[in-house]
Every structure is written in structure tokens, then in C-alpha cells.
Chemist: 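Let me give you the structure first, and then I'll get to my questions.
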Amino acid sequence: MVDQAPKGWTMNEVAQKLALDIPDGSYVNLGIGIPELVADHVPEGRELIYHTENGLLGMGPVPSPGTEDPELINAGKKPVTALPGAAYFHHADSFAMIRGQHLDVCVLGALQISGKGDLANWSTGEPGAIPAVGGAMDLVAGVKHIYVISQHTTKTGEAKIVRECTYPLTGKGVVSRIYTNLAIIEVQPGGLYVLEMAPGVTKEYLQAQTDAPLVGFP
Amino acid sequence: MVDQAPKGWTMNEVAQKLALDIPDGSYVNLGIGIPELVADHVPEGRELIYHTENGLLGMGPVPSPGTEDPELINAGKKPVTALPGAAYFHHADSFAMIRGQHLDVCVLGALQISGKGDLANWSTGEPGAIPAVGGAMDLVAGVKHIYVISQHTTKTGEAKIVRECTYPLTGKGVVSRIYTNLAIIEVQPGGLYVLEMAPGVTKEYLQAQTDAPLVGFP
Amino acid sequence: MIQKVVGSLEEAVAGVFDGATVMIGGFGEAGSPIELIHALIDSGAKDLTVVSNNTGSGEVGLAALIANRRVRKMICSFPRTANSTVFPELYKKGEIELELVPQGTLAERIRAGGAGIPAFYTPASVNTPLAEGKEHRVFKGNTFVLEEGIRADFSLVKAHRADRFGNLVYNKTARNFGPIMCMAANTAIVQVKEVVEAGTLDPEQVVTPGIFVQRVVEIAHPAHESELVAAKRRYPW
Amino acid sequence: MIQKVVGSLEEAVAGVFDGATVMIGGFGEAGSPIELIHALIDSGAKDLTVVSNNTGSGEVGLAALIANRRVRKMICSFPRTANSTVFPELYKKGEIELELVPQGTLAERIRAGGAGIPAFYTPASVNTPLAEGKEHRVFKGNTFVLEEGIRADFSLVKAHRADRFGNLVYNKTARNFGPIMCMAANTAIVQVKEVVEAGTLDPEQVVTPGIFVQRVVEIAHPAHESELVAAKRRYPW
């Protein structure tokens with residue numbers, strides 16, 4: 001079955017599907033990289049407020065060239081803007097928002113996700129690698145809903161959705177939903193439930209690409 | 001010896017002596033009542049910054065009649081003013097200043113002070129009394145120097161400077177100096193050292209008015 | 001569109017249930033959300049645990065809430081102030097509970113609740129009756145006591161200006177417990193003198209970012225508690 | 001008269017001793033006090049423990065401090081950023097220590113240090129390698145880890161404006177760690193673009209009250225780290 005591999009959705013399409021699942025008025029933190037795509041797909045009529053942990057609520061789009069301010073950046077250290085109604089604050093207040101469960105949704109990338117919602121996304125644990133964690137552990141411990149957006153497998157075809165994470169954890173049992181190019185999967189107490197599969201993806205194919213057992217399908 | 005009791009200093013004179021001992025540039029919190037007198041006696045050329053725990057640094061004098069603002073008050077809930085260079089902040093930040101040892105001096109009243117610098121100033125512990133503590137325990141635990149200003153004895157002539165406090169403590173070993181109408185006393189590891197006595201006060205008279213032993217005299 | 005501004009005091013306090021924990025801002029009358037408290041009395045909610053620095057004056061505002069027997073327990077630092085008779089009388093009769101907390105510990109417990117910190121150590125109250133029965137611990141030679149964060153179901157707060165996102169600025173020392181009580185409540189309810197257009201408040205000057213606020217109501221001319229007390233007014237009028 | 005403004009960078013960083021713990025503000029280049037760091041390099045202080053979110057870029061600012069072998073240990077959350085080669089190279093050679101702390105825990109530990117809180121419990125890092133060996137504790141069914149406050153001998157911070165009392169306002173997301181690092185240091189040293197007359201800063205808008213600041217130096221035209229890095233500049237020039 002692998003020899004006729006369906007391509008599934010593009011990451012832009014995945015981001016669009018994820019954006020549809022974020023209710024109007026939510027406070028949202030987007031991780032660096034692919035998660036940032038979600039901001040491009042907020043449905044008409046919805047208003048989300050973006051938080052960046054380096055001290056801004058009400059983050060707006062990338063500034064037009066020439067208007068960048070090196071003192072107005074996001075957590076990825078890239079220039080951003082502030083929308084009307086924005087607020088600046090210091091780091092302890094920013095993480096009080098996170099740890100105090102004031103944020104509704106955080107969208108993160110992943111190295112591995114387990115069938116129980118464990119997340120590994122900060123280190124491959126290789127000896128000699130420079131460990132760097134940033135705010136990921138605080139985010140997964142504090143934000144109400146953690147959504148992962150990721151390719152379903154690694155570049156070399158290995159499963160990212162695994163029985164047990166082999167990389168060091170970012171948090172245990174923290175992921176609510178997984179959005180990949182192949183499927184949208186919900187982490188429930190009983191296991192991984194597939195909510196939707198990309199066109200051409202079969203149950204068998206999806207399970208073959210997934211190390212952890214999928215216990216429910218649409 | 002008690003029948004020719006010296007009156008000692010007035011509380012205004014005591015406040016003046018205390019004010020002389022506060023270095024230029026200090027951050028100071030004054031308790032409610034007699035401690036407030038200290039603000040009237042800051043020596044020429046010195047600048048002190050007054051903190052009031054309800055959220056103001058740079059507290060100024062009482063406003064002129066008719067200019068009071070019910071939203072600009074001190075810890076005693078009386079109208080005050082804010083000087084140029086003042087700052088407002090919330091209660092957690094205000095007590096971060098206190099607990100974090102950022103204040104230099106706090107001047108408080110006392111019910112009892114022990115020979116080891118224990119302070120009791122919030123409750124007589126009577127059954128049925130309504131206990132009320134306010135910020136006193138935070139102040140004595142956090143401010144670098146706690147100065148007590150008080151009459152040397154109670155209205156009924158009982159010692160306030162005692163071997164052991166019988167009233168519930170505000171803090172243990174927290175008082176640095178005691179300024180009374182009869183003397184200025186420093187609390188040192190070895191005991192109570194008298195730094196200065198009011199005119200007419202003898203060692204014998206002072207000790208007779210003091211339950212705790214005085215171990216050094218000027 | 002995000003719109004946290006509601007049209008009436010009744011809407012503002014809707015849903016406060018019997019038995020709820022309610023934080024009420026203010027230090028004396030400065031920052032006391034008197035109109036919200038009166039609306040809470042009107043709502044009928046009872047068996048409340050109220051977290052507030054004081055217990056109110058006269059028979060309006062917080063004192064009226066207590067006088068109307070809506071408060072089962074007070075958590076506060078100073079329940080005994082000028083013109084405060086309602087709480088002391090009920091307390092002496094054993095008809096209201098009191099948890100007395102040092103003011104800085106109270107502020108930090110509220111901030112901790114809002115910041116997701118379940119507990120912290122503080123030096124305040126060590127060696128006093130208020131630390132009895134609590135866990136003590138030595139760090140670097142000094143003794144501290146363990147205190148837990150407090151969260152509330154609702155907070156009633158008075159601020160100066162707000163926008164539709166719930167961003168707030170305050171007025172002078174009326175700021176006091178407002179910002180931390182907004183943080184610590186599931187539903188922070190704020191009365192302001194003025195609602196302004198989004199973008200009017202400078203993002204550098206916002207004191208409480210809107211994420212901490214759920215409902216805003218405009219009360220352009222709030223009553224002065226001290227004037228009501230002086231006039232011996234009693235709520236309900 | 002209180003006058004915290006000093007006349008030179010040399011005066012600003014005077015007294016930083018070998019072995020000191022130094023907090024350095026900034027998130028990437030935003031808020032990084034590059035001129036103060038260069039003055040610290042000039043001062044010769046070494047064996048420093050540096051607390052900062054990152055480890056600098058290129059060979060200027062914090063990266064230059066590290067490259068000049070002044071730092072014994074870094075306490076940070078993210079030592080690996082674009083154009084960051086100095087720290088990784090020394091770390092791989094075992095020539096610099098690293099204490100890796102989750103960013104929110106780092107911020108809270110600094111704030112706790114400044115607020116006189118010796119330790120607190122947090123949910124972040126539970127069940128991860130960063131919580132190994134630390135005390136765990138359950139509150140209301142959830143597990144938390146004990147983290148201690150951090151204090152510093154000195155903090156180097158960049159703000160926007162200051163007055164002679166040390167009151168500060170910041171610029172946008174350059175605020176980041178500045179306010180809490182001022183709180184947590186015995187001597188908080190701040191570079192600002194502009195020193196203003198006392199009374200110019202609105203008391204409602206002061207972000208860091210002057211009590212948390214000991215020295216201020218005006219650097220009207222601070223360098224942009226990213227421009228220096230792009231130009232491959234190296235400090236000392």
C-alpha cells in the first residue's frame with residue numbers, strides 16, 4: 001500500500017483546517033515555523049488575539065518592508081506588528097498568562113507525539129547537541145488546548161506518532177489534537193481517534209504510517 | 001525614683017531624632033499614626049522617597065483642603081499627594097518591594113518589643129477581639145531596618161520593652177532600633193544598648209521603666 | 001468581533017452562583033466596585049466566600065453585601081476599619097467566618113492563583129500565630145512558610161478606562177488589588193468610568209491586558225463610598 | 001538629591017567583581033544592553049554567572065562577553081539561535097557550563113528573586129529531563145516541581161526612558177526581562193535612550209519604579225546588534 005502513497009493535504013490546507021477549529025475570540029499562541037501558517041487562514045468574521053511570549057498580546061502581521069522595528073518582534077525573533085487593542089508586558093506577566101491557563105490554544109510543531117498525547121518537540125537527546133527549550137514546556141503545561149501541526153512522518157518516512165516517545169519529553173499527556181498532511185487526530189482517554197482523513201488516505205495506509213494504534217475512525 | 005519622673009522628649013522630638021538617622025536617598029515606609037510624624041522632620045538637603053503599601057512610591061504631603069482625591073490615599077486610607085517622580089503599581093508589586101528587601105527603613109508603632117527585637121503590634125490577643133493584621137507582618141519580614149517609635153511605657157505605666165512579648169508576635173528579632181520619649185535604644189545580638197537618653201533620664205530610671213535588661217549605656 | 005462590554009450591571013454580574021468565591025477589589029473605598037457589589041446583592045447570590053482587603057464601611061458596598069448575609073466567609077487582611085461595624089458584629093456572634101492573611105501574602109496568593117503557581121514560600125508571618133499549622137521550610141538559613149495560591153470564580157474590580165478587548169488602565173492608588181484579582185478569576189468583571197475605542201489605550205500603558213478580563217460595564221459616575229457612609233445610606237436603598 | 005544617572009558607561013558598570021552573578025536583559029537583540037555589555041568586557045570582570053534568555057549572536061554583545069571568556073556559566077532557556085556560534089563551540093568543548101531553564105520558569109524565578117520569594121511550585125517541566133532530581137509535589141491532583149528564586153549581584157538592562165529616580169519605561173517587546181531583572185539585582189544598571197526630568201514620566205505609566213534601579217546611563221544612539229552581526233563586527237573593536 002505504501003507504493004501508491006497519497007500526498008494528502010498541503011501544510012497550508014492543514015493550517016486552514018486547524019484555523020477552523022479555533023473559536024472566535026480565542027487567545028492563541030503560535031509556535032515558530034509551520035504553526036505560523038494558521039494566522040493566514042482565520043475564517044472571515046472571526047477575531048483571534050495572538051500572544052507572543054516575549055511580551056505582546058494583539059500581535060499583527062509581518063510589517064511591510066522598511067517598517068520593521070528590531071524592538072517589535074515575535075518569539076521567533078522576527079519583526080511583527082501590534083494591532084489596535086494590543087498590550088505589551090514583561091516576561092513574568094507573559095508567562096503568568098501561559099501558566100495561569102489564560103490562553104485558549106497553542107499550536108506547536110512536534111518531533112514525536114505519543115498515543116497518550118505526550119509531546120517531544122525540543123530535543124532529539126543526541127549527545128553533544130546544544131539543548132534549548134525556550135517556552136515550550138511552559139506552553140504545554142499551561143495553555144488549555146495544545147494542537148500539534150506537523151507532517152505525519154519524518155523526512156525519512158519514520159513515524160512521528162509513536163507508542164512511546166523516544167526523545168526527551170516536552171510534556172506528558174498534553175496534546176489535544178494532531179493535524180497532519182494525512183489526518184486530523186484527537187487524543188482521547190481511550191487512545192487516538194481519527195476525525196478526518198485526507199483524500200485518498202485509507203485506514204490501513206494511515207495506520208501503517210502511524211506507530212501508535214489508531215482506535216477510532218470517522 | 002518614679003515620683004520625680006522626667007517627661008523626656010515629645011513625640012515630635014523623637015520623630016526628629018529618628019528622621020536624622022535615615023540616610024539621604026532612602027526608601028521609607030511609615031506606619032499609621034505616630035510614625036507619620038517622621039515625614040515632618042526630614043533634615044534640609046536630604047531626599048527620602050516614601051512608599052505606601054497600597055501602591056505608591058513618591059508619596060507627598062497631605063493635600064490642601066478641597067483637593068483631596070478619594071483614589072489617592074495612603075495605607076491609613078487618608079488622602080495624600082504624589083510628588084514628581086512618583087509611580088503607581090498594584091498590590092503584588094508593592095509587596096514585592098517590601099518582601100524583596102528593596103525598602104530601607106520602616107517606622108512602626110508597637111504594643112511590645114522584646115529585648116531580642118521581637119515585635120508585637122497587631123493584636124492584644126484578647127478573646128473576642130477582631131484580629132486585623134494589614135501589612136505589618138510583611139513589612140517586618142522584608143524591610144531592611146525596622147525602627148519602632150513609641151511611648152516608652154503604656155498609658156497605664158506598664159513596660160512596653162519586655163523580656164518576652166506576651167501579645168501575639170508580628171515578627172521575631174525584627175526590630176533594629178527603638179525610639180521612645182525616654183531613650184534611643186539599639187537592639188544588638190548581645191541585648192539592648194542605649195544610644196541616647198532624654199534630658200533628666202538616668203540609667204536607673206530608664207531601667208525601671210523597662211522590663212527587659214538594658215545591657216549598655218552611652 | 002470580541003466585545004467584552006456589556007450593557008447593564010445585571011448582565012455584568014450574571015451567573016454568580018451560590019457558594020462562589022468572589023474577589024472584590026479596593027483598599028478602603030479606593031477601587032471598591034460599589035455598583036458591581038450592589039448589583040451582586042440584587043442578584044441574590046449567597047454563601048459567598050469573599051476575598052477583599054477590608055470588610056467595607058457603613059452599610060453600602062461590601063459592608064452591605066455582608067449585612068445582607070450573603071457572605072459565609074471573608075478572606076482579608078484588615079477587617080476592622082473606621083466605620084466598619086457590620087463585619088465585627090457578625091463575627092462576634094460567630095455568624096461569619098474569617099481567614100486572616102497578611103496583606104502582602106494575600107496579594108501574592110492572588111497573583112500566584114492568576115499565574116498558575118499553586119504555592120510559594122514567604123517570610124511573612126513566620127513565628128506568629130498566622131503561621132501556626134503551616135509548613136515551614138528553611139532556604140539559605142532563613143525560615144519561610146508555605147502559602148497556596150487563591151483562585152476565584154468571579155472578581156469584581158473597578159478600573160478607570162477599558163476598551164472592547166478588556167484592556168484596562170486604573171486611577172492612582174485605586175489600582176491596588178485590581179490587576180491581580182483580574183488575573184486570578186475565571187470571570188473578571190470590571191466597572192470603568194469610560195469605555196474607549198480599541199486602539200485608544202497605548203499598548204505601552206495598558207496595566208491589565210484584556211486576556212485577564214471577561215466583562216466590562218461602564219459606570220460613568222460611580223458613587224463615593226465615603227459620601228454614602230457619611231449620609232448613613234444603606235443598600236438596598 | 002537622589003541622582004541615579006551616571007556620566008559614563010565605565011561608572012555604570014563599576015564594581016562588577018570576578019565571580020559575580022549578572023543578569024542581562026533582552027530577548028534576542030530586543031532589549032539587549034549592548035553598550036553596557038561592552039563596558040563590562042572593558043571592565044575585565046570574569047568568572048561570571050550570566051542569566052539571560054539567549055547566548056547572543058555573532059561576536060558582539062553577550063556573545064562577545066562569552067567569546068572573551070568572561071562567563072563561567074550560563075543560565076538560560078535558549079542558547080542556540082541564528083548566528084549563535086560562540087556559546088555552542090565553547091559548550092561542546094566543555095569550557096562553559098549551562099543551566100537550561102524553561103523560559104517561563106526562568107522569568108518566574110527571576111521575579112521570585114526580586115519579590116523575596118525563595119521558592120515556588122510550577123507545572124512546567126514535570127515529566128521531562130529538566131525536572132529530574134527536583135522536588136515534586138501534588139496540589140489538587142496535579143503535579144508540580146519546586147523551583148528556587150534567583151537573585152543577581154548586578155543586572156544590565158536596556159530601557160527607553162528614565163528619570164533621576166530610576167523610574168523606567170520601555171519600548172515595545174524590548175521590555176521582556178528588563179523589569180524583573182531590575183527587581184532581582186542588588187545593583188540594577190540600566191541604559192536608556194533618553195534621560196528625562198523628574199515628573200516627565202506619568203506615575204500611571206512607569207513600568208519599573210525607581211526603587212528597583214540603582215544606576216542609569218544615557219546612550220542616545222545604541223547600536224543594533226543585528227547590524228553589527230551582519231557587518232561581522234567583533235568586540236573589542
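Just so we're on the same page: letters track the sequence lines, and every chain starts at 1.
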Chemist: Grab the two heavy atoms, one from Ile130(B) and one from Pro79(C), that are nearest each other, plus how far apart they are.
Modeler: CG2-CG, 3.8 Å

Chemist: Mind checking side chain to side chain contact (heavy atoms under 4.5 Å, CB included) for Ser26(B) and listing every partner two or more places apart, or none if nothing turns up?
Modeler: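 With neighbours one apart ignored, the set is Ile22(B), Pro23(B), Val28(B), Leu48(B), Asp104(B).
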
Chemist: Search all heavy atoms of Val101(C) against all heavy atoms of Val133(B) and return the closest pair with its distance.
Modeler: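 Taking Val101(C) first and Val133(B) second, the nearest heavy atoms are O-CG1, 3.8 Å.
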
Chemist: For Ile98(B), is it the side chain, the backbone, both or neither that has a heavy atom under 4.5 Å from a heavy atom of chain C?
Modeler: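 Contact with chain C is absent: no heavy atom of Ile98(B) under 4.5 Å.
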
Chemist: Measure Val207(C) against the heavy atoms of chain B and call it side chain, backbone, both or neither at under 4.5 Å.
Modeler: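 Neither the backbone nor the side chain of Val207(C) comes within 4.5 Å of chain B.
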
Chemist: Tell me every residue that passes side chain to side chain contact (heavy atoms under 4.5 Å, CB included) with Ala15(B), counting only those two or more places apart in sequence or in another chain.
Modeler: Leu37(B), Val38(B), His41(B), Ile149(B)

Chemist: Side chain from CB out, backbone as N, CA, C, O: work out which of these in Ala129(B) comes under 4.5 Å of a heavy atom of chain C, or both, or neither.
Modeler: backbone

Chemist: Would a 4.5 Å heavy-atom cut-off, applied to side chains only, mark Leu98(C) and Pro131(B) as touching?
Modeler: yes

Chemist: When you scan chain B against chain C, which donor-acceptor pairs turn up at less than 3.5 Å?
Modeler:
| from | atom 1 | to | atom 2 | distance (Å) |
| --- | --- | --- | --- | --- |
| Asp69(B) | OD2 | Lys172(C) | NZ | 3.2 |
| Glu71(B) | O | Thr173(C) | N | 2.9 |
| Glu71(B) | O | Thr173(C) | OG1 | 2.8 |
| Glu71(B) | OE1 | Asn171(C) | ND2 | 2.7 |
| Glu71(B) | OE2 | Lys158(C) | NZ | 3.2 |
| Ile73(B) | N | Thr173(C) | OG1 | 3.1 |
| Tyr88(B) | O | Arg175(C) | NH1 | 3.4 |
| His91(B) | N | Asn176(C) | O | 2.9 |
| His91(B) | NE2 | Gln103(C) | OE1 | 2.7 |
| Arg99(B) | NE | Thr122(C) | OG1 | 3.4 |
| Arg99(B) | NH2 | Gly104(C) | O | 3.1 |
| Ile130(B) | O | Arg80(C) | NH1 | 2.8 |
| Val133(B) | N | Ser77(C) | O | 2.9 |
| Gly134(B) | N | Ser77(C) | O | 2.9 |
| Gly134(B) | O | Gln103(C) | N | 2.8 |
| Asp138(B) | OD1 | Gly104(C) | N | 3.3 |
| Asp138(B) | OD1 | Thr105(C) | N | 3.2 |
| Asp138(B) | OD2 | Gln103(C) | N | 3.3 |
| Asp138(B) | OD2 | Gly104(C) | N | 2.9 |

Chemist: Counting heavy-atom pairs under 4.5 Å to chain C, which of Pro70(B), Gly55(B), Ala96(B) comes out on top?
Modeler: Pro70(B)

Chemist: Among all residues two or more places apart in sequence or in another chain, which pass the side chain to side chain contact (heavy atoms under 4.5 Å, CB included) test with Val187(B)?
Modeler: Val175(B), Ile178(B), Leu192(B)

Chemist: Which one of Gly125(B), Gly171(B), Gly173(B), Ala75(B) has the most heavy-atom pairs closer than 4.5 Å to chain C?
Modeler: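 Between Gly125(B), Gly171(B), Gly173(B), Ala75(B), the count favours Ala75(B).
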
Chemist: Please determine, among Pro102(C), Gly104(C), Ala107(C), Cys76(C), the option with the most heavy-atom pairs under 4.5 Å with chain B.
Modeler: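 It is Gly104(C).
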
